Amino acid sequence: MAKKIQFILNGNTVEVMVGETELLVDVLRDKFRLTGTKKACGTGDCGACTVLLNKEAVRSCIILAPMVDGKEVLTIEGLGDEKNVHPIQQAFVDAGAVQCGYCTPAMILTAKAVLDINHDPSDEEIKTALSGNLCRCTGYSKIFQAVKNAAKAMNLKR
Amino acid sequence: MKSGYQIVGKRVNRVDALAKALGKAKFTSDFKRQDMLIGKALFAKFPHAIIKGVDTAKAEQLEGVQAVLTAKDLPGRNGYGILVPDKPVIAEKKTKYEGDAVALVAAVSEEIAKKALGLIEVEYEVLPAYDDPRQAMKDDAIHIHEAHPAADKGNILTTVALDSGDVEKAFREADIIIENSYETPMVDHAYMETDVCMAEPDPLTGGLTLCSPQQAVYATKRCLAPVFGIPQNKIRTFCPIVGGGFGGKEDSVLDVSAMAGVLALKTKRPVYFELDREEVFRTTGKRHATYIKHRMAATKDGKITAVDVETILDKGAYTSMGGLNNPLMAVTQRTAMYAGGTYFIPNARARSHSVFTNHPYSCAFRGFGAPQAMFAVECQIDELAKALNMDPIELRLKNILRHGDRTIFGQVMKENRGLGLEECITKVKGRMDWDKSLDQGNGPVKKGKGIAVFMYGTGIPLLFEGASCYVNLELDGSVSVAVAATEMGQGIVTALTQTAAEALGVRYEDVNVTYSDTATAPDCGPTVGSRAAVVVGNAVLDGCNKLRERMLSVASKEFKKDPRDMDIKQGEVFIVGKPETTMPLAAIVSKAFITQVPLAAVGTWYPPQPSFRAEDGQGEPMHAYTFGVQAVEVEVDTETGELSVTRSVLACDVGKAINPSLVEGQMEGGAAMGIGWAILEEGFMNKGVMENASFHNFLIPTIKDLPELESIIVEHPNDLGPYGAKGIGEPPLIATAPAIRNAVCNALGISINTIPLTAVRILAAVKNQQAVGGGN
Ligand code: FES
Ligand code: FES
């Protein structure tokens, strides 16, 4: 049964028809062409499909699309663009934290979720926040550094 | 004169980093279109079985199904493979592993395609499946391939031999002999981007276009042309950026492209064919599991005199990169070649047998057999150190290869190709404070430290080693470079951009490198073997140098000066010593354009012709070798078996770091992958069925499993590398597992010779030691 849902996507109110069992990741990728959200496992195990739902990091491959009705979704495309690069995105670029880039959008959004509520996270808190996101390329050292740098940069702006 | 580089050696940001961080960089699946059919495969229900019949009638009748294919419906040869075409597109008589397709479907939606798969009826006669190559190589084993085009004997695909000196005599005369068996697991590459192919027939040419994440666009079309019955020049293979490869996407691309391609040809429509993660685990290539018997002979003062090594490799169901017509190209040969590690050992014998089982085919995986071989030899050295009561570093320094020494495979080491191992060892020793003993305390947690060293040749000798590329000067002074290499995260596009900018004297921003497309670039060989920055880099350098010379010659007429007195920097041409004389390169290029000076060049490079004798495995296969040292500290909980790696220091002699940030990226990523192989990763196979085909139970390291990964770059230039560079893609993980194993042994005082060192395995070893009352 298809159903019309309405939600705020990257700051804009949108409406879309979705099936009862349709997954948020597929709606974002196929219907809104927001391909920055990646699907690397589809079973909730890798974190590559992370988006922010009402500011919380969630795995969009295990969220049914009807569940976002009336809520707010932020994908990587809504975080920043060339003219307005978000400090976390800039920190990832500058720290060399991006290799293949498949895990990157989700890592950045996961980092945003924690840095928005915790302005001065400890090393352990950063690691705990990122521990559900797999990266096969980097060994995480530069990602960790990027998130630490981003926290500083965001605090300067506050 | 070339001391002060403008851009080489600088930590510039990657050209693709921002687009990736913004989520705008597109991977293959991001180009999926609504008009594409969805392709799916029905994979074997039983890993080893005779196919008695396939009934597709019901599936064909389902509304929305556009094609159902079985082995009899194929347009060309039902077989492909990088070295031997022994893997069928669709299995006909037999299934040999879980990943054999028995039928293919194309439908208008994924839902319908999946439904159609459920309607296909297959009748099987189940055969016993082989998990252990040591069983499969026995004389009475069922032949997994009834008639293999190349197998040596039964399930033994190939046996590689290496011989030098007089091994028997050396063992007879040895003061001490260390003899142990080692086992390493079959693991998945676990690249984050799953395999996918978009295949589209080209009605204009009658050809086929295949877009799929991969590491070798030319190899792909060469391997698959006979499958499609289409000449190579009418197949275009390409990909955008790739989400990790690690060797696996040299092979898996063939699987998805073959299936997508035959469906596209049948339906005459574009087909989108994607493997989900579980299918990637069950069907694509893996790292060869190995079973190694290693004997090492030495004098009482610690000089190694001989090694005698037998390695059995789990080949899985198909040859892939396993062996054969070119032995040097194969993983099997590398396990023999590296059986003596980085040491000068005058007498050596190695036998490596590659044996078919009912597992996923084993293929190239970062290190290409070297990690397995080095694991055994680096554990052996520590055992020897223990037996001689010697410091493991001191023992290694006594035996490492130095200038003029011959490896067990016969290559003479040369300082001018970069021999920085000793410097790596010294630096790591200092950084680790090696001689200081660890504070043990009285609790159940024991600390230990371990070290291991490695060497790894740059490139892929003999079958195809060399590269071509295009370099083109544009009238505005910018530069276009086209290579067929793949950008899979390692940063090759950035490294080549720096190489070209340096060579031509233009700004980094003024170079654009396009990649991985047979329609735009000539063959540069596969992006494997830690070769692209060096071998393709040299081709780019050659193309740039040709254009540079042409432009200097045009400029010399303008300035009325000898070209040798002129230089180009930052896009400005000038007389050396007179920076006020500058003229923009763009002006010189325009001048060249109207005076019939060509602005395009083909850059090429070939290494010195390698040599190799198959009979005894002796020769000089690679032009240069990367060296390195990994040291770790670990903590082992003797009550729970839990192991954590608390420190990791890796030093690599990379010749020259074209971009130190990228090199560190490879070193950190490699060390992380090595830690995964050492302590976590293991495909659990039960009669050919993978029992942990998801990230839920096939565990790869998370940020919490890793310490901060420290890297030390050492630079002993390779006089044949671009700006001195050697390969760095694969090497960083080679010494990680033995370093960890040695550290665990150091902590516990017992030897564990099988990885991964999971809690279960460690606890069992601790219990066993307590039971026999041994150890310290
Ligand atoms: S794709 Fe959603 S967690 Fe892996
Ligand atoms: S950068 Fe490749 S998976 Fe993280």
Side-chain angles (χ1 to χ4, degrees), chain A residues 29-30 33-48 75-82 85-86 88-105 107-109 124 126-145, chain B residues 11 13-14 16-27 29-32 34 189-194 241-246 276-278 487-491 648 661-662 664-673 675-676 694-696 700-711:
Chain A
R29 286 180 58 82
D30 296 343
R33 308 301 296 163
L34 293 171
T35 54
T37 304
K38 302 300 176 198
K39 189 175 181 178
C41 75
T43 52
D45 293 311
C46 76
T75 71
I76 192 70
E77 290 88 347
L79 186 63
D81 60 27
E82 289 84 349
V85 181
H86 189 277
I88 306 177
Q89 292 170 317
Q90 193 60 51
F92 268 63
V93 172
D94 293 341
V98 179
Q99 287 193 29
C100 83
Y102 217 71
C103 69
T104 307
M107 285 283 182
I108 289 172
L109 289 172
E124 231 15 67
I126 294 176
K127 287 189 182 172
T128 302
L130 297 179
S131 64
N133 289 60
L134 297 180
C135 172
R136 190 56 155 172
C137 302
T138 62
Y140 307 101
S141 286
K142 291 193 192 311
I143 291 176
F144 176 70
Q145 199 51 53
Chain B
R11 292 177 178 267
N13 284 344
R14 299 171 60 108
D16 54 2
L18 182 59
K20 285 174 172 176
L22 295 174
K24 292 187 177 183
K26 282 193 166 26
F27 297 79
S29 65
D30 301 336
F31 291 95
K32 182 182 181 184
Q34 294 305 322
H189 303 77
Y191 34 72
M192 281 296 120
E193 180 197 26
T194 53
I241 52 170
V242 172
F246 314 114
D276 63 27
R277 180 59 64 181
E278 185 183 343
E487 174 56 66
M488 51 189 171
Q490 82 281 44
S648 162
S661 295
L662 294 180
E664 283 167 10
Q666 289 304 299
M667 291 172 71
E668 291 164 10
M673 198 176 253
I675 291 173
S694 80
F695 280 135
H696 192 62
I700 63 170
T702 71
I703 194 167
K704 287 224 159 181
D705 297 310
L706 303 173
E708 189 199 331
L709 303 165
E710 301 169 51
S711 303

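Just so we're on the same page: letters track the sequence lines, and every chain starts at 1. Worth knowing before you read on, the calculation uses all heavy atoms, side chains too, and leaves out hydrogens, waters and symmetry mates. This one's a predicted model, so the numbers in the text were calculated from it and none came from an experiment.
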- [ ] Determine whether Lys38(A) and Glu193(B) make a side-chain contact, defined as any pair of heavy atoms from C-beta on separated by less than 4.5 Å.
- [x] no
Open item on the list: I'd like to know if the side chain of Lys20(B) reaches the main chain of Cys100(A), judged simply by a donor and an acceptor atom lying under 3.5 Å from each other, with no hydrogens or angles considered.
Closed with: yes
Open item on the list: For the CE atom of Met192(B) and the CG atom of Asn133(A), what is their distance to the nearest 0.5 Å?
Closed with: 10.0 Å
- [ ] Please look at Thr35(A) and chain B and tell me whether the side chain, the backbone, both or neither of the residue comes under 4.5 angstrom of a heavy atom of that chain.
- [x] both
TODO: Answer with side chain, backbone, both or neither: which region of Leu130(A) has an atom nearer than 4.5 Å to a non-hydrogen atom of chain B?
DONE: both
Task: Taking every non-hydrogen atom, the tightest pair across Gly23(B) and Pro105(A) - done: CA-CG, 4.2 Å
- [ ] Check Arg136(A) against Phe246(B) and note the closest heavy-atom contact, atom names and distance.
- [x] CG-CE1, 3.4 Å
Open item on the list: Counting only non-hydrogen atoms closer than 4.5 Å, does Glu82(A) touch chain B with its backbone (N, CA, C, O), its side chain (CB onward), both, or neither?
Closed with: both
Open item on the list: Let's test your reading of the structure: which of Gln34(B), Arg11(B), Lys32(B), Glu278(B) forms the most heavy-atom pairs below 4.5 Å with chain A?
Closed with: Lys32(B)
Task: Contact winner vs chain B - Lys142(A), Glu77(A), Lys39(A), Glu124(A), heavy-atom pairs under 4.5 Å - done: Lys142(A)
Open item on the list: When you measure from the side chain of Tyr140(A) to the backbone of Asp705(B), do you find a donor-acceptor pair of N or O atoms at a distance under 3.5 Å?
Closed with: no
TODO: Among Ile241(B), Ile700(B), Asp16(B), Ile675(B), single out the residue with the greatest number of heavy-atom pairs under 4.5 Å to chain A.
DONE: Ile700(B)
Task: Interatomic distance, Met673(B) atom CE to Cys137(A) atom SG [nearest 0.5 angstrom] - done: 7.5 Å
Task: Option in Ser131(A), Gly96(A), Cys103(A), Gly132(A) with maximal non-hydrogen atom pairs under 4.5 Å from chain B - done: Ser131(A)
TODO: Flag the one option from Asp276(B), Leu706(B), Thr194(B), Leu662(B) with the top tally of heavy-atom pairs under 4.5 Å to chain A.
DONE: Leu706(B)
Task: Contacting moiety of Lys26(B), where chain A heavy atoms sit under 4.5 Å - done: side chain
Open item on the list: Let's test your reading of the structure: which of Ile143(A), Ile108(A), Thr128(A) forms the most heavy-atom pairs below 4.5 Å with chain B?
Closed with: Thr128(A)
Open item on the list: Heavy-atom pairs under 4.5 Å with chain B - which of Ile88(A), Thr75(A), Val85(A), Asp81(A) has more of them than the others?
Closed with: Asp81(A)
TODO: Dump the intermediate steps for salt bridge (charged side-chain N to carboxylate O under 4.0 Å, His left out) on Arg33(A) and Asp30(B), then the final yes or no.
DONE: CA-CA 8 Å; Arg33(A) 308 301 296 163; Asp30(B) 301 336; over 6 Å; no
Open item on the list: Quick check: do Asp94(A) and Asn13(B) have side-chain heavy atoms less than 4.5 Å from each other?
Closed with: yes
Open item on the list: Looking at chain A, which one of Gly245(B), Ser29(B), Pro707(B) has the largest number of heavy-atom pairs inside 4.5 Å, strictly under?
Closed with: Ser29(B)
Task: Main-chain N/O of Ala40(A) paired with Arg277(B) side-chain donor or acceptor, under 3.5 Å - done: yes
- [ ] Pick whichever of Glu710(B), Glu708(B), Arg14(B) has the most heavy-atom pairs under 4.5 Å with chain A.
- [x] Arg14(B)
Open item on the list: What part of Met488(B) gets within 4.5 angstrom of chain A, counting heavy atoms only: side chain, backbone, both, or neither?
Closed with: backbone
Open item on the list: Out of Leu709(B), Thr702(B), Ile703(B), return the one with the most heavy atom pairs under 4.5 angstrom to chain A.
Closed with: Ile703(B)
TODO: Let me know if Glu487(B) has heavy atoms under 4.5 Å from chain A in its side chain, its backbone, both or neither.
DONE: neither
Open item on the list: Can you confirm whether Glu668(B) sits close enough to Thr138(A) that some side-chain heavy atom of one is under 4.5 Å from a side-chain heavy atom of the other?
Closed with: no
Task: Contacting moiety of Ala190(B), where chain A heavy atoms sit under 4.5 Å - done: both
